[in-house]
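Single-structure report; data block below.
Quick caveat, the model's predicted, so the values are computed rather than measured. For the single chain, residues carry numbers from 1 onward in sequence order.
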Amino acid sequence: MAPGSKAERKAALDAGAWMFNVVTSVGIIMVNKALMATHGYSFATTLTGLHFATTTLMTQVMKWLGYIQPSYLPLPELVKFVFFANLSIVGMNVSLMWNSVGFYQIAKLCIIPVLCILEILFDKVRYSRDTKLSIVLVLVGVAVCTVTDVSVNSQGLLAAVIAVWSTALQQHYVHHLQRKYSLGSFNLLGHTAPAQAASLLVLGPFVDFWLTNKRVDTFNYTSIVTFFIVLSCIIAVGTNLSQFICIGRFTAVSFQVLGHMKTILVLTLGFLFFGKEGLNFHVALGMLLAVIGMIWYGNASSKPGGKERQVYSTPSEKTQKHGILSSQSELDQKV
């Protein structure tokens, strides 16, 4: 296949993976908003457990059909991943409960700088000035259109720190495990989804009772609530899969930066379907800045030197003789 054809095919697959994630993520947010805000189903942790249970069922069917080949993931690695992932879910829910919405949004924005730190420390990634500035512009734009009231307290700050770091570690770990063990998205989901489903379905009802003072087993499950729960679980299969696909094809930082496009779409759809209250000049300005920042980031990070991973080569006999270590930089193929 010609180089141009390979590049075009990769670009098409990247765009398809990204659109898959955007559609499923925005879809599940809108469904969950209707389920929780309209019908009062506030058991977010238990619902996430149901999401992973449905995803587990999907992976088992795919294995049975032969689309998922046997693969290996050491138990300690699985335990670490599930710990970070579940801590992220609970941490975000607790952060939302203990903090104002404004501070909760600021905490979510901090995930990108933390991921950058992790990539610099563990992946030896170096960012160009334009790439850094584009990330800053995205953060400023999203902050302008989402952050309103900001109040901080000690327990809320602790919850936010735990949520941010666990989320960043979980997303960075997805990319790390896929590279280290040559795992595809389906393979990694096949290992992690059952463990997350089991742990969240056991712990979820207790966590939700602590957060809401309501019992999941005494909720009035009407036909419409059950329909939305089932719909949420079905969409979640695509959301979980597309997250692993995108982080595998790109990086966790790119996934977070471009992921704020979903924030803009959710705000836009919210104004369209749930009323235009809250839509004003500074919200529109923030959306515009964020979109410009995302376009700038995509362009800047794809240029030579925009985002490089330092790779240290094995010293040659000549350099060993003179006692000199040689190093070189190679362009990170991920956006």
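Residue pairs meeting the salt bridge (Lys or Arg N to Asp or Glu O under 4.0 Å) criterion with at least one partner in residues 210-224, sequence neighbours excluded, are Arg215-Asp217.
For the residue pair Ser199 and Val82, the shortest heavy atom distance occurs at OG-CG1, 4.0 Å. When all heavy atoms of Ala160 and Ala107 are compared, the closest pair comes out as CB-CB, 3.8 Å. Here the closest non-hydrogen pair linking Thr56 and Thr59 is O-OG1, 2.7 Å.
Note: Ile28 CD1 to Leu231 CG = 9.0 Å, rounded to the nearest 0.5 Å. Note that the CZ atom of Phe255 and the CD atom of Gln243 stand 4.5 Å from one another [nearest 0.5 Å]. Expressed to the nearest 0.5 Å, how far CD of Gln171 lies from OG of Ser166 amounts to 10.0 Å. In this structure, the separation between CZ on Phe186 and CE on Met62 is 4.0 Å, given to the nearest 0.5 Å. Atom CG of Leu169 is separated from atom NZ of Lys80 by 10.5 Å, given to the nearest 0.5 angstrom. Rounded to the nearest 0.5 angstrom, Arg126 CZ and Thr131 OG1 are separated by 11.5 Å.
Classification of Lys180 and Glu77 as a salt-bridged pair holds, one side-chain N sitting under 4.0 Å from a carboxylate O.
Side-chain atoms of Ile245 and Asn21, non-hydrogen and from C-beta on, never get closer than 4.5 Å to each other. Side chains of Phe20 and Cys246 form no contact here, defined as non-hydrogen atoms less than 4.5 Å apart. Residues Gln196 and Phe81 are in side-chain contact: their nearest non-hydrogen atoms beyond the backbone lie under 4.5 Å apart. Between Phe209 and Asn213, the closest side-chain pair of non-hydrogen atoms falls below 4.5 Å. Using a 4.5 Å cut-off on side-chain heavy atoms (C-beta onward), Phe84 and Val79 make no contact. For the pair Leu211/Val94, a side-chain contact is recorded, criterion being any heavy-atom separation below 4.5 Å from C-beta on. Using a 4.5 Å heavy-atom cutoff, the side chains of Cys233 and His51 are in contact. Within the 4.5 Å cutoff, the side chain of Ile229 has heavy atoms near those of the Leu47 side chain.
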Which atom pairs, one a donor and one an acceptor, fall under 3.5 Å between side chains of residues 64-71 and the rest of the protein, sequence neighbours left out?
{"residue": "Gln69", "atom": "NE2", "partner": "Gly66", "partner atom": "O", "Å": "2.9"}
{"residue": "Ser71", "atom": "OG", "partner": "Asn187", "partner atom": "ND2", "Å": "3.4"}
{"residue": "Ser71", "atom": "OG", "partner": "His191", "partner atom": "NE2", "Å": "2.8"}

Would you give me the side-chain donor-acceptor pairs under 3.5 Å for residues 220-227, sequence neighbours excluded?
{"residue": "Tyr221", "atom": "OH", "partner": "Val216", "partner atom": "O", "Å": "2.7"}
{"residue": "Thr222", "atom": "OG1", "partner": "Val225", "partner atom": "N", "Å": "3.3"}
{"residue": "Thr226", "atom": "OG1", "partner": "Thr222", "partner atom": "O", "Å": "2.9"}

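With 3.5 Å as the limit, one finds a donor-acceptor pair spanning the side chains of Asn93 and Thr45. Side chains of Asn99 and Ser95: a donor on one and an acceptor on the other come within 3.5 Å.
Ser88 is linked by a side chain to side chain donor-acceptor pair (under 3.5 Å) to Thr167, counting only residues two or more places apart in sequence or in another chain. When the side chain to side chain donor-acceptor pair (under 3.5 Å) test is applied to Tyr104, no partner is found at least two apart in sequence or on another chain.
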**Asked** Should Trp296 and Leu133 be marked as a side chain to side chain contact (heavy atoms under 4.5 Å, CB included) after you check the CA-CA gap, both sets of side-chain angles, and the distance that decides it?
**Response** CA-CA 9 Å; Trp296 187 10; Leu133 290 175; 3.5 Å; yes

**Request:** With side chain to side chain contact (heavy atoms under 4.5 Å, CB included) as the test, would you mind laying out the steps for Cys116 and Ile135 before giving the verdict?
**Result:** CA-CA 10 Å; Cys116 289; Ile135 292 174; 4.1 Å; yes

**Message:** Set out, in order, the CA-CA distance, both residues' side-chain angles and the distance that settles side chain to side chain contact (heavy atoms under 4.5 Å, CB included) for Tyr127 and Glu119, then state yes or no.
**Reply:** CA-CA 10 Å; Tyr127 299 92; Glu119 285 195 351; 2.5 Å; yes

**Message:** As a quick check of understanding, evaluate side chain to side chain donor-acceptor pair (under 3.5 Å) for Tyr297 and Ser254, giving each step before the final call.
**Reply:** CA-CA 8 Å; Tyr297 174 83; Ser254 296; 2.7 Å; yes

**Request:** Check the pair Phe103 / Leu157 against side chain to side chain contact (heavy atoms under 4.5 Å, CB included), numbers first and verdict last.
**Result:** CA-CA 9 Å; Phe103 187 74; Leu157 179 61; 3.7 Å; yes

**Message:** Working note: His175 + Asp123, criterion side chain to side chain donor-acceptor pair (under 3.5 Å); need CA distance, chi angles, decisive distance, verdict.
**Reply:** CA-CA 11 Å; His175 193 63; Asp123 295 338; 5.6 Å; no

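In Phe83, the CZ atom is not crowded: 12 or fewer heavy atoms of neighbouring residues, nucleotides or ligands sit closer than 6.0 Å.
Ile247 and Leu73 fall within a single hydrophobic cluster, where Ile, Leu, Val, Met, Phe, Trp and Tyr are joined by side-chain heavy atoms under 4.5 Å apart, directly or via other members. A single hydrophobic cluster is not seen to contain both Trp98 and Met92; linkage of ILVMFWY side chains at heavy-atom distances under 4.5 Å, directly or through other members, places them apart. Each of Leu200 and Leu50 belongs to its own hydrophobic cluster when Ile, Leu, Val, Met, Phe, Trp and Tyr are linked at side-chain heavy-atom distances under 4.5 angstrom. No continuous path of hydrophobic side-chain contacts links Leu78 to Leu203 [ILVMFWY only; heavy atoms under 4.5 Å]. Linking Ile, Leu, Val, Met, Phe, Trp and Tyr residues whenever their side-chain heavy atoms come within less than 4.5 Å places Ile29 and Leu96 in a single cluster.
Classified by interplanar angle (parallel below 30°, tilted 30° to 60°, perpendicular above 60°), the ring pair Tyr173/His176 is parallel. Ring-plane geometry between His39 and Phe228 is classed as tilted, the angle between the planes lying from 30 to 60 degrees on a 0 to 90 degree scale.
Other residues sharing the hydrophobic cluster of Val230, ordered by chain and number and joined by side-chain separations under 4.5 Å: Ile234.
Although no hydrogens or angles enter the test, the distance criterion places no donor-acceptor pair under 3.5 Å between the side chain of Ser182 and the main chain of Gln178. In terms of modelled atom types and a separation under 3.5 Å, the side chain of Ser232 and the main chain of Asn32 share no donor-acceptor contact.
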